[in-house]
**Student:** 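Got a structure for you, questions after.
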Amino acid sequence: MPELPDVEGFRRVLAEHTGEPIASVSVLDPGVLRGVTARRLRTALRGRRFEEPHRHGKWLLAPAQGPVVLLHFGMTGSLTWHRPDEPRHRHDRVVWKLPDGELRYRDMRKLQGVRLAATAQEADETLETLGPDALNLSRDDLAATLSAHRGRLKTTLTDQAVIAGLGNLLADEICWRARINPLRPARDLTAPDLTTLHRAMRRVLHDSIKAARVPPRRTWLTGARDTPAPTCPRCGTPLESRRLSGRRTVWCPHCQPDGA
DNA sequence: AGACGTACCTGACAGC
DNA sequence: TGCTGTCAGGTACGTC
């Protein structure tokens with residue numbers, strides 16, 4: 001599930017509960033802990049308070065008066081707020097108890113997980129392989145970045161070392177809205193293409209953040225791609241689909257011509 | 001550098 | 001009913 005908009009939603013959930021003392025940390029499944037033991041996570045956080053959280057790409061950083069919790073949500077993770085008496089979900093993996101309720105890190109597949117950095121600097125080092133956040137990318141930044149890559153547009157957009165935050169759905173949605181074929185080499189985009197692509201990226205991100213997900217609206221590619229015989233929401237042409245290094249890529253052959 | 005395959009996990013669904 | 005294969009919005013790593 002989680003791409004930039006989802007993680008931005010989780011960041012806002014956490015931001016509503018900064019400044020409240022952490023009563024306890026329950027690790028219900030240590031399988032999600034990465035490079036930290038349950039004991040260390042507990043002792044490092046108990047009694048401290050979360051401060052203003054930050055997001056970079058699909059990572060959520062939660063500083064807690066010294067140590068920093070780093071959350072990545074893989075394909076199925078989430079962070080949600082619950083009253084203490086709400087029954088636990090079977091995929092709740094880590095729970096932070098606060099005075100009036102608890103934050104729950106839930107993740108079915110456990111493809112990513114929870115880390116702990118001792119300091120803000122150590123947290124930053126964990127993220128230093130990431131490219132700039134997609135939300136802070138100007139049109140010219142995007143142009144410069146894409147012109148430096150000879151790979152396919154879709155692959156380049158989803159490479160976290162190039163741009164942080166775009167996932168499989170977002171990349172397809174952005175290309176579709178910009179009417180640019182995702183299989184084109186990134187560096188072959190023209191100046192008008194780049195302007196259009198940047199506008200599409202801003203618009204798709206903005207709308208998705210409002211919904212805290214890439215919304216499967218009927219007027220979006222995302223709302224069409226998983227239907228039985230998907231057709232383009234704009235022109236009705238049957239959508240094309242193929243696998244690109246393991247990920248399904250969907251586009252409209254009419255609106256987004258010039259494949260290969 | 002870039003494209004692929006494989007691996008890490010769990011669950012839903014189609015088809016036999 | 002139960003099995004198998006495939007797919008799912010994540011990334012890392014080895015190989016060509």
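Here is the naming used below: chain letters follow the sequence lines, and residue numbers restart at 1 for every chain.
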**Student:** Write down the protein N/O and nucleotide N/O pairs, taken from nucleotides 11-14 of chain B, whose separation is under 3.5 Å; answer none if there are no such pairs.
**Tutor:**
{"residue": "B/dG11", "atom": "OP1", "partner": "A/Arg90", "partner atom": "NH1", "Å": "3.3"}
{"residue": "B/dG11", "atom": "OP1", "partner": "A/Arg90", "partner atom": "NH2", "Å": "3.0"}
{"residue": "B/dG11", "atom": "OP1", "partner": "A/His91", "partner atom": "NE2", "Å": "3.0"}

**Student:** Whole angstrom is fine here: how far is it from CZ in A/Arg93 over to C1' in B/dC8?
**Tutor:**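 Rounded to whole Å, this separation is 14 Å.
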**Student:** Whole Å only: how far is the CZ atom of A/Arg150 from the P atom of B/dA3?
**Tutor:**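 Spelled out: CZ on A/Arg150 to P on B/dA3 is 10 Å.
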**Student:** Nearest-Å distance, CG (A/Leu79) to P (C/dG10)?
**Tutor:**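 For the pair A/Leu79 CG and C/dG10 P, the rounded distance is 19 Å.
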**Student:** Could you list all the salt bridge (charged side-chain N to carboxylate O under 4.0 Å, His left out) pairs where at least one residue sits in residues 124-143 of chain A, not counting sequence neighbours?
**Tutor:**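 For residues 124-143 of chain A: A/Arg55-A/Asp133.
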**Student:** Salt-bridge test for A/Glu8 and A/Arg12: reply yes if a basic N is under 4.0 Å from a carboxylate O, no otherwise.
**Tutor:**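 A salt bridge is present here (some side-chain N lies under 4.0 Å from a carboxylate O).
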**Student:** Output all residues satisfying ring-ring contact (aromatic ring centres under 6.0 Å, His included) with A/His254, sequence neighbours left out; order by chain, then residue number.
**Tutor:**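 Not a single residue meets the ring-ring contact (aromatic ring centres under 6.0 Å, His included) criterion with A/His254.
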**Student:** Given B/dA1, C/dG10, B/dT10, which nucleotide is nearest the side-chain atoms of A/Arg247?
**Tutor:**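 From the listed options, C/dG10 comes nearest.
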**Student:** Between C/dG9, B/dT10, C/dG10, spot the one nearest the side chain of A/Lys58, thanks.
**Tutor:**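 Looking only at heavy atoms from C-beta outward on A/Lys58, the closest nucleotide is C/dG10.
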**Student:** Taking only Watson-Crick and G-U wobble pairs with both distances under 3.5 Å, what dot-bracket line describes DNA chain C, where [ ] shows pairs that cross earlier ones and | shows pairs with another strand?
**Tutor:** .|||||||.|||||||
**Student:** Hey, are the side chains of A/Pro67 and A/Thr119 touching, using non-hydrogen atoms and a 4.5 Å cut-off?
**Tutor:**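 No, side chains not in contact.
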**Student:** The side chain of A/Gln112 lies closest to which of these nucleotides: C/dT11, B/dC8, C/dA8?
**Tutor:**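 Shortest atom-to-atom distance from the side chain points to C/dT11.
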**Student:** Without decimals, in angstroms, what is the distance between A/Asp172 CG and C/dA8 P?
**Tutor:**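 To the nearest whole Å, that distance equals 11 Å.
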**Student:** Does a side-chain N or O of A/Arg248 approach OP1 or OP2 of C/dC7 to a distance below 4.0 Å, or not?
**Tutor:**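 It does not, given that no N or O in the side chain of A/Arg248 lies less than 4.0 Å from OP1 or OP2 of C/dC7.
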**Student:** Starting at atom CZ of A/Arg109, determine the distance to atom P of C/dT11, rounded to an integer number of angstrom.
**Tutor:**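 Rounding to the nearest Å, CZ of A/Arg109 and P of C/dT11 are 12 Å apart.
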**Student:** Quantified in whole Å, what is the P atom distance between nucleotide B/dA1 and nucleotide C/dG10?
**Tutor:**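 Straight-line distance between the two P atoms is 23 Å.
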**Student:** Between B/dG2, B/dC4, B/dC8, which nucleotide has the shortest distance from any of its atoms to the side chain of A/Leu111?
**Tutor:**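 The closest nucleotide is B/dC8.
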**Student:** Could you tell me whether A/Glu102 and A/Arg88 have a side-chain N and a carboxylate O separated by less than 4.0 Å?
**Tutor:**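 The answer is yes: the pair qualifies as a salt bridge.
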**Student:** Over how many whole Å does the gap from A/Trp220 atom CH2 to C/dG9 atom C1' extend?
**Tutor:**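 Nearest whole value for this atom pair: 14 Å.
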**Student:** Just do the side chain to side chain donor-acceptor pair (under 3.5 Å) check on A/Thr222 and A/Glu173 with the steps written out, would you?
**Tutor:** CA-CA 7 Å; A/Thr222 301; A/Glu173 192 69 48; 2.4 Å; yes
**Student:** Parallel, tilted or perpendicular for A/Phe10 and A/Phe73, by the 30°/60° rule?
**Tutor:**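 Tilted: the ring planes of A/Phe10 and A/Phe73 meet at 30° to 60°.
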**Student:** Quick one: do A/Asp188 and A/Arg150 make a salt bridge, cutoff under 4.0 Å?
**Tutor:**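 Salt bridge flag = no for A/Arg150 with A/Asp188.
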**Student:** Just to verify, what does A/Arg213 make a side-chain hydrogen bond (donor to acceptor under 3.5 Å, both in side chains) with, not counting sequence neighbours?
**Tutor:**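 Not a single residue meets the side-chain hydrogen bond (donor to acceptor under 3.5 Å, both in side chains) criterion with A/Arg213.
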**Student:** Any donor-acceptor pair under 3.5 Å linking the side chain of A/Ser147 with the backbone of A/Ala143?
**Tutor:**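 Yes, the answer is positive, given that a donor and an acceptor are paired below the 3.5 Å cut-off.
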**Student:** Return the value, rounded to whole Å, for the distance between atom CZ of A/Arg34 and atom P of C/dA12.
**Tutor:**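 Whole-Å distance recorded here is 11 Å.
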**Student:** Of all residues at least two apart in sequence or in a different chain, which pass the ring-ring contact (aromatic ring centres under 6.0 Å, His included) check with A/His17?
**Tutor:**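 In terms of ring-ring contact (aromatic ring centres under 6.0 Å, His included), with neighbours along the sequence ignored, A/His17 is linked to A/Trp81.
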**Student:** Between C/dG2 and B/dC9, how far is it from one C1' atom to the other, in whole Å?
**Tutor:**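 Those two atoms are separated by 22 Å.
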**Student:** Between A/Thr129 and A/Arg243, name the one whose nearest nucleotide on DNA chain C is closer to the 5' end.
**Tutor:**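 Nearer the 5' end of the strand: A/Arg243.
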**Student:** Which nucleotide in the set C/dG10, B/dC4, C/dA8 lies at the smallest distance from any side-chain heavy atom of A/Glu3?
**Tutor:**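 When the side chain of A/Glu3 is considered, C/dG10 is the closest of C/dG10, B/dC4, C/dA8.
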**Student:** Among residues 154-168 of chain A, which ones have heavy-atom contacts with DNA chain C below 4.0 Å?
**Tutor:**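 By residue number: A/Gln160, A/Gly167, A/Asn168.
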**Student:** Among B/dC4, C/dG9, B/dA1, find the nucleotide with the atom closest to the side chain of A/Asp6.
**Tutor:**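 Nearest to the side-chain atoms of A/Asp6, counting from C-beta on, is C/dG9.
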**Student:** A/His198: what forms a ring-ring contact (aromatic ring centres under 6.0 Å, His included) with it, not counting sequence neighbours?
**Tutor:**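 Checked A/His198 against ring-ring contact (aromatic ring centres under 6.0 Å, His included); zero matches.
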**Student:** Show me the side-chain donor-acceptor pairs of residues 231-246 of chain A shorter than 3.5 Å, one per line, residues at least two apart or across chains.
**Tutor:**
{"residue": "A/Arg234", "atom": "NH1", "partner": "A/Trp176", "partner atom": "O", "Å": "3.1"}
{"residue": "A/Arg234", "atom": "NH2", "partner": "A/Trp176", "partner atom": "O", "Å": "2.8"}
{"residue": "A/Arg243", "atom": "NH1", "partner": "A/Gly246", "partner atom": "O", "Å": "2.6"}

**Student:** Nearest to the side chain of A/Arg152 - C/dC7, B/dA3, C/dG9?
**Tutor:**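 That would be B/dA3.
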**Student:** Quick one: which residue pairs count as a salt bridge (charged side-chain N to carboxylate O under 4.0 Å, His left out) with a foot in residues 153-168 of chain A, not counting sequence neighbours?
**Tutor:**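 For residues 153-168 of chain A, and leaving out neighbouring residues, the salt bridge (charged side-chain N to carboxylate O under 4.0 Å, His left out) pairs sorted by first residue read A/Lys154-A/Asp172.
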**Student:** From C-beta outward on A/Lys110, which listed nucleotide comes closest to its side chain: C/dG10, B/dT10, B/dA1?
**Tutor:**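 Looking only at heavy atoms from C-beta outward on A/Lys110, the closest nucleotide is B/dT10.
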**Student:** Taking the side chain of A/His149 as heavy atoms from C-beta outward, which of B/dG2, C/dA8, C/dG9 is closest to it?
**Tutor:**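 Selected nucleotide (nearest to the side chain): B/dG2.
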**Student:** Tell me which donor-acceptor pairs under 3.5 Å the side chains of residues 24-37 of chain A have, and how far apart each pair is, sequence neighbours excluded?
**Tutor:**
{"residue": "A/Asp29", "atom": "OD1", "partner": "A/Gly31", "partner atom": "N", "Å": "2.7"}
{"residue": "A/Asp29", "atom": "OD2", "partner": "A/Arg93", "partner atom": "NH1", "Å": "3.2"}
{"residue": "A/Asp29", "atom": "OD2", "partner": "A/Lys110", "partner atom": "NZ", "Å": "2.8"}
{"residue": "A/Arg34", "atom": "NH2", "partner": "A/Gly31", "partner atom": "O", "Å": "3.4"}
{"residue": "A/Arg34", "atom": "NH2", "partner": "A/Lys110", "partner atom": "O", "Å": "3.2"}
{"residue": "A/Arg34", "atom": "NH2", "partner": "A/Gln112", "partner atom": "O", "Å": "2.8"}
{"residue": "A/Thr37", "atom": "OG1", "partner": "A/Arg40", "partner atom": "N", "Å": "3.0"}

**Student:** Work out how far the P atom of C/dG9 is from that of B/dG2, and round it to whole angstrom.
**Tutor:**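 The answer is 23 Å between these two P atoms.
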**Student:** Measure the distance from CZ on A/Phe73 to C1' on C/dA8 and round it to the nearest whole Å.
**Tutor:**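 Result: 18 Å.
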**Student:** Take A/Tyr105 and A/Thr80, measure what side chain to side chain contact (heavy atoms under 4.5 Å, CB included) needs, and give me the verdict at the end.
**Tutor:** CA-CA 7 Å; A/Tyr105 175 84; A/Thr80 46; over 6 Å; no
**Student:** With 3.5 Å as the limit, what N/O pairs link the protein to nucleotides 14-16 of chain C?
**Tutor:**
none

